[in-house]
Amino acid sequence: MDIKSVEKKWQQKWEKSKLNVFDPRSDAPKYYVLEMFSYPSGAKLHIGHWYNYGPADSFARFKRMQGYNVFQPMGFDAFGLPAENYAIKTGVHPKDSTEKNIETMERQLRAMGAMFDWSAEIKTCEENYYKWTQWMFLKLYQKGLAYRKEAPVNWCPSCNTVLANEQVIDGRCERCDSVVVRKNLTQWFFKITEYAEELLSGLDRLDWPEKTKNMQRNWIGKSTGCEIEFTSEQGDPIRVFTTRCDTVFGVTYIVLAPEHPLARKLATPEQREAVEEYIDYAARANEIERLSTTREKTGVFTGAYAVHPLTGRKVPVYLADYVLATYGTGAVMAVPAHDERDYAFAKKYGLPIEKVIEKRGGETELPFCEDGIVVGSGALNFDGLFGDEARDAIATYISKLGKGGKKLNYRLRDWLVSRQRYWGAPIPVVHCPVCGAVPVPEKDLPVKLPYDVEFRPDGKSPLAKHEKFMRTTCPKCGGAAQRDPDTLDTFVCSSWYYLRYADAANDREPFSRAAVDRLLPVDTYVGGAEHACMHLLYARFFTKALRDMGYLDFDEPFKRLVHQGVILGPDGNRMSKSHGNIVSPDEYVEQYGADAFRLYLMFGFSYTEGGPWSDDGIKAIAKFMDRVEKLVLKTEEYKKPKEQEAYGAAEKDGLDLVAWGVVREYGNRAVRHEFSPYLRLDELYDGAACAELREAVLDCNAELGAPFGKLVRRDIVAENRIFFDEELLNYAEDVEWNFRLFASVRRAVILSEYAHHYVYHPASLTSLITEQNAQSAVLCFGKIRGGIKHTPDEERLQEQIDYRFLFMLTAISICGFFHPKNEASYSEKKRAFKAYVAQDEVKRTLRSPSRKRLSFAQRTVIFCMRHRWCFALRILASVRYREKKAA
RNA sequence: GCCGCUGUGGUGGAAUUGGCAGACGCGUCGGAUUUAGGAUCCGAUGGGCAACCGUGCAGGUUCGAGCCCUGUCAGCGGCACCA
């Protein structure tokens with residue numbers, strides 16, 4: 001078959017027919033399948049794109065065949081640093097290079113044969129999109145969720161911009177790997193911390209990979225503890241946060257972060273110089289050094305003392321950079337006996353170490369950091385309490401004193417969104433010397449990004465150097481003012497794009513409520529795991545904020561999340577230029593076609609794991625497709641009407657059952673994104689199911705083959721369309737086109753002009769179970785011991801199970817009365833069995849509704865009820881197969 | 001250090017709710033076809049002569065465990081001076 005022309009033909013047909021466009025008037029339930037949109041980098045689609053979009057698209061098709069009105073849009077995350085860095089290197093303007101890249105990628109995405117709804121396409125760098133990104137900023141500002149403050153920020157000296165915490169990996173810039181330095185800058189922040197609790201608790205209800213949910217949980221980092229107020233001798237309150245207030249009686253000193261506001265103030269004249277020096281030192285030390293756990297702790301005594309709120313004891317106040325200014329209160333109470341860090345610090349500076357917790361039932365060895373029994377509370381009488389109990393009591397006491405109390409703390413920091421770069425959405429704020437920071441009125445949006453800018457990297461934002469852009473008037477007082485020279489982090493753009501898709505052409509608002517209500521939330525979201533703590537967290541934050549402003553009616557943007565794995569190079573390493581192991585999709589698509597390529601991606605890997613690429617793998621797929629075609633061509637010969645009806649009822653029923661089972665099975669897996677194992681041509685005609693049929697199919701010259709001819713074709717073409725439609729797309733449709741024989745299709749298959757858009761509803765099991773084939777397998781001692789015929793009526797099966805059946809199973813299983821190894825005569829077995837079941841306890845067991853107390857027999861019956869179709873069939877098939885072989 | 005995930009043939013990886021482990025491929029071996037090679041098709045392929053034994057290791061629950069429980073080891077991923 002000429003795969004390329006077939007692909008082209010069908011892709012054009014779909015395009016013309018607009019079958020991929022979401023139909024808002026349809027009555028069918030909606031299903032929103034979303035893949036993370038692409039960043040238009042210079043290169044063509046790489047294998048990661050294909051792996052993300054190909055199988056996800058097959059999933060979308062599957063949902064469509066199940067009768068859903070599927071919405072699957074595609075767009076481009078077009079702003080971002082790489083385009084700007086490319087401009088600095090080559091002089092090509094980011095807008096030009098981005099547009100060119102998008103054009104290329106669009107073409108490639110279309111050639112992939114995916115059913116993207118291009119009518120909803122969005123590009124975040126276009127005015128009609130970033131206008132609304134700016135609108136989002138204004139809304140957050142109005143709601144008090146965007147604010148400006150001077151804060152120590154992560155500065156990447158190579159990218160010349162600040163980075164969000166999430167973008168700093170091991171003290172280095174996520175993008176360029178340079179060492180990040182700390183800098184004080186006035187920047188815009190989004191108050192994501194306001195939603196910390198909901199972002200955390202909402203995770204429980206999401207159908208997301210556990211791993212990802214855990215990463216977010218860690219990132220949010222909730223800890224339950226207690227705030228305690230100490231007082232300096234001069235009277236300044238020093239609040240500390242601790243999760244171990246049960247150790248409060250062991251406090252022998254206090255430590256402040258070097259950036260703590262009281263650090264300088266508390267220093268005594270004698271210590272002033274040393275303190276200044278230390279603060280200086282800490283500011284210079286870069287993140288890497290500071291974060292290293294192996295590094296020896298450093299610190300300095302302020303000369304000041306603080307008063308312990310419970311004991312009235314005076315304890316020295318130290319500065320040390322092992323305390324972080326940005327977490328908790330920026331100050332900790334040090335309990336060297338029960339904290340490793342405090343212990344190490346106390347040892348080094350010769351501070352007292354006092355045991356106040358005792359190990360329960362054992363020798364207490366310091367530092368002892370586990371829960372234990374309070375022993376050092378003195379007159380306050382907390383001695384003897386353990387762990388939580390002690391913490392509860394002490395925290396309650398502290399709050400009664402008015403010196404603090406229970407407190408929740410989060411590791412999550414506010415999201416820094418200013419970027420000193422050009423290629424992003426300008427921050428819609430004007431700085432007026434009179435009015436201060438004034439938001440740009442909605443009607444003046446968008447704040448347009450100028451085209452003619454200077455990219456030379458000199459630490460200043462390119463926009464800051466663009467006079468025409470910067471000079472403006474204050475919207476409030478009308479006086480001369482300056483624009484904010486920064487742009488928004490590109491993660492702001494991607495925090496709401498899934499909403500825009502629903503109403504991409506709207507030029508009056510970011511989205512209409514009606515459109516969003518119809519399509520959102522996203523039912524299945526597919527993309528890489530690397531966004532766990534950034535995009536996926538930010539997007540959730542946006543959704544919740546917009547909900548609270550009344551624009552949305554749901555809490556979570558992505559109901560279900562699937563991460564695709566990573567396709568590695570043939571050598572098992574990550575694909576990279578330095579390894580020289582990059583597999584380019586293009587050459588394979590050229591040789592085998594897009595369908596074969598996609599099929600291999602689904603078939604050759606576990607979707608969420610990925611794995612090394614193999615040339616043999618894709619060859620095997622090509623071979624598979626070849627065999628399907630041959631099989632269909634062969635069966636074409638069996639068309640004679642008389643012979644068509646010659647196959648027996650039993651065979652037909654058997655085949656129906658198999659088809660039903662496989663279709664159901666496939667469906668079960670497909671909804672879980674487990675595609676790989678269910679493309680077995682052979683299984684359909686396997687010995688387990690229909691040995692005769694398989695022979696007939698594989699040897700078309702055999703006499704037996706003729707009666708099955710039509711059935712085979714029906715099955716391959718009609719029943720298994722579910723496989724082909726999804727994964728073989730164009731190819732399958734052409735096969736079908738050439739051999740359409742739908743006359744005998746009994747399923748509720750709705751025909752339309754375009755084969756792959758059939759709605760497929762597998763028939764119910766009940767309709768397939770007949771008097772002939774309703775059987776259960778009898779399992780006993782772990783093996784199948786036989787089959788039992790019963791009623792085909794699924795609903796009434798339970799009551800129709802006759803006592804003999806039940807008792808026989810009981811006998812076989814529990815007592816072994818009828819076990820093959822039991823040598824007694826039949827009547828002896830029967831007598832023993834009857835005596836056994838006459839016992840009250842056995843009777844009770846047999847009637848017990850509790851699953852736990854069910855006997856084996858009952859469980860077997862239940863099991864068989866659930867599985868009977870498959871086991872019954874297998875028994876039938878294998879018996880028949882054996883008989884035939886013997887004959 | 002803490003949290004999470006994963007351990008199945010020579011190999012990628014199957015196995016529904018605990019129910020015939022190793023599907024479907026790749027590779028290998030044998031056969032057919034071919035002047036030959038390639039391609040294609042057919043058969044065999046966990047171990048053991050056998051009964052049997054086999055899902056990282058050691059236990060446990062169960063009539064029955066790859067799957068559930070306890071412990072342990074290894075690999076991967078994330079977090080990491082977060083008080």
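Numbers restart at 1 for each chain; the letters A, B, ... are given by sequence-line order, proteins then strands. Just so you know, these numbers come straight off a predicted model, no measurement behind them.
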Stem list for RNA chain B, please, built from Watson-Crick and G-U wobble pairs under 3.5 Å and keeping only runs of at least 3. B:1-7 with B:73-79, B:10-12 with B:24-26, B:27-32 with B:40-45, B:56-60 with B:68-72

Check whether D414(A) reaches the backbone of T193(A) with its side chain - one donor and one acceptor, N or O, closer than 3.5 Å. yes

Could you tell me the separation between the CG atom of L199(A) and the CG atom of L412(A), rounded to the nearest 0.5 Å? 7.0 Å

Interatomic distance, CD1@I228(A) vs CD1@I394(A), rounded to 0.5 Å, equals 8.5 Å

Name the residue closer to the 5' end of RNA chain B, choosing between N218(A) and M333(A) according to the nucleotide with the nearest heavy atom. N218(A)

Name the residue closer to the 5' end of RNA chain B, choosing between N214(A) and T243(A) according to the nucleotide with the nearest heavy atom. N214(A)

So, using salt bridge (Lys or Arg N to Asp or Glu O under 4.0 Å) as the criterion, who are the partners of [X] when residues are at least two apart?
X	answer
E229(A)	R239(A)
E197(A)	K222(A)
K347(A)	none
K355(A)	E358(A)

Mind checking the [atom1] distance from [N] to [M]? Whole angstroms is fine.
N	M	atom1	value
rG9(B)	rG19(B)	C1'	23 Å
rC76(B)	rC69(B)	C1'	25 Å
rA21(B)	rU55(B)	P	12 Å
rG66(B)	rG18(B)	P	13 Å
rC24(B)	rC67(B)	P	24 Å
rG10(B)	rG47(B)	P	8 Å
rA23(B)	rG12(B)	P	14 Å
rU45(B)	rG38(B)	P	24 Å

To the nearest angstrom, how far is [X] atom [atom1] from [N] atom [atom2]?
X	N	atom1	atom2	result
Y600(A)	rG13(B)	OH	C1'	11 Å
W219(A)	rC2(B)	CH2	C1'	16 Å
E340(A)	rA80(B)	CD	P	18 Å
L537(A)	rC79(B)	CG	P	13 Å
I220(A)	rG78(B)	CD1	C1'	14 Å
Q216(A)	rC3(B)	CD	C1'	15 Å
D339(A)	rA83(B)	CG	C1'	6 Å
D342(A)	rA83(B)	CG	P	12 Å

Return the nearest nucleotide to the side chain of [X]; candidates are [options].
X	options	answer
R411(A)	rC26(B), rC79(B), rA83(B)	rC79(B)
M215(A)	rG78(B), rA83(B), rC81(B)	rG78(B)
D616(A)	rG4(B), rG27(B), rA83(B)	rG27(B)
K211(A)	rG4(B), rC81(B), rA83(B)	rG4(B)

Ignoring backbone atoms, test whether [X] places a side-chain nitrogen or oxygen under 4.0 Å from the OP1 or OP2 oxygen of [N].
X	N	value
R217(A)	rG78(B)	no
Y322(A)	rA83(B)	no
S614(A)	rU11(B)	no

Please classify the glycosidic conformation of rG9(B) as syn (within 90° of 0) or anti (everything else). syn

Per the atom types in the model, does the base of rC81(B) pair as donor or acceptor with the side chain of K297(A) at under 3.5 Å? yes

Would you please indicate yes or no on a ring centroid separation below 6.0 angstrom for Y281(A) and Y278(A)? yes

Atom pairs and distances, donor-acceptor, side-chain atoms in residues 249-257 of chain A, under 3.5 Å, two or more places apart:
unit_1, atom_1, unit_2, atom_2, d
T252(A), OG1, P352(A), O, 2.9
Y253(A), OH, D342(A), O, 2.9

